Amino acid sequence: MRYKKVPVKKIVNKIIDECDVILLVLDARDPETTRNRELEEKIKKMNKELIYVLNKADLVPKEVLEKWEEKLENAVFVSAKHRMGTKILRDKIKEHLKKNNIKEGKVGVVGYPNVGKSSIINALTGKRSALTGSLAGLTKGEQWIRLTKNIKLLDTPGVLEMKDEDELIISGALRLEKAENLISPALKVLRRLHDFDKTIISNYYGVEVDEIDGELLKKIGKKLKYLKKGNEVDLDRTARSIIKDFQDGKLNYYNVRIKKYGQERRRNIEFI
Ligand code: GDP
């Protein structure tokens, strides 16, 4: 099959112009950072329906999801991977179309890289139509897929450009093994959590926090016993561990401990 490359901005603009409902996919582990206020304003000004889709909810404790639910208006939690929450999302779209008397509604999906846009399209359509992973921006040409009698979905997600390499690392769009500098994104994660709640880092790592800097990394590395020869703290390993724990949902905004994995995590999203 031949694919053609479509400029990413063009797809985002097309979605905003043509669609009635825009699904802004956020990473449920970090909804604040994966938001895009400028785009949200634009969508609202155009009187379009904006739904926040917090994906990867399987990686986030239930208690944390409940907090985000209080904070974000018009949010739906899903796990595209486990195909959970998609019915609620579909119902929300239907409800909007019905309320506004839209006979044939168009829906588009936008978001930063790696938040799970393609997975959501696939979960909604029940197909493997959208390309997941690193091939963002590639499309088989314009394609609207019918979800129901009244809903059409554009099978190509609008990829928002993330310019900051640190953010790509934190979101998992850039694999940790491929990243050169992990210290800067690790500090960003710590700063973000600390700004949100001053007790998170000390509770999680059992260290005292003065400043969010290299010294703090050293303290955390020492606690984790990540030492190199000569008892020097292995800062890279420490930084990797911080980012990994954040990505796994263990180190999170609401200071919730994940005790068990697997079943426990799946149960977290049954309520949504
Ligand atoms: P996109 O770049 O936004 O289109 O994201 P993709 O759909 O390609 O997904 C990016 C990565 O996140 C892939 O490795 C997916 O397997 C993973 N992913 C997508 N949805 C979920 C989810 O609900 N839970 C988990 N744990 N991983 C997910």
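Ligands are counted one by one from 1 in listed order, and the atoms in each one are counted from 1 as well. On a predicted model such as this, the values are computed, not experimentally measured, just so you know.
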Could you tell me whether some N/O pair between H82 and ligand 1 is separated by less than 3.5 angstrom? no

Let me confirm one number: the CG-CG distance from L50 to L39, rounded to the nearest 0.5 Å. 8.0 Å

Say whether, by atom type as modelled, one donor and one acceptor occur between the side chain of R29 and the main chain of Q247 under 3.5 angstrom. yes

Could you tell me which residues satisfy side-chain contact (heavy atoms from CB on, under 4.5 Å) with K81, sequence neighbours excluded, listed by chain and number? S79

Which is it for D58 and ligand 1 at heavy atoms under 4.0 Å: side chain, backbone, both or neither? side chain

Element-labelled atoms of ligand 1 that are located less than 4.0 Å from some non-hydrogen atom of L59: 26 (N)

Number the atoms of ligand 1 from 1 as they appear, then name those within less than 4.0 Å of a heavy atom of S119, with their elements. 6 (P), 7 (O), 9 (O), 19 (C), 20 (N)

Checking contacts here: is it the side chain or the backbone of I120 that comes within 4.0 Å of ligand 1, counting heavy atoms only? Could be both or neither. neither

Within the 4.0 Å heavy-atom shell around S118, which atoms of ligand 1 are there? 4 (O), 7 (O)

Would you check if the side chain of D213 reaches a backbone N or O of L216 as a donor-acceptor pair within less than 3.5 Å? yes

Residues at least two apart in sequence or cross-chain that pass side-chain contact (heavy atoms from CB on, under 4.5 Å) with T148, listed by chain then number, are R90, K94, N150, I151

Closest by any non-hydrogen atom to atom 28 (C) of ligand 1: pick that one out of K56, R29, R83, Q247. K56

Can an N or O of A80 be found at a distance shorter than 3.5 Å from an N or O of ligand 1? yes

Determine, considering heavy atoms only, which of N122, L160, N114, V25 sits nearest to atom 11 (C) of ligand 1. N114

Counting C-beta onward and ignoring hydrogens, is there a side-chain heavy-atom pair between Y205 and K222 closer than 4.5 Å? no

Find all atoms of ligand 1 within a distance of less than 4.0 Å from any non-hydrogen atom belonging to V115, and give their numbers and elements. 3 (O)

In terms of ring plane angle, is the pair F196 and Y254 parallel, tilted or perpendicular, where the classes change at 30° and 60°? perpendicular

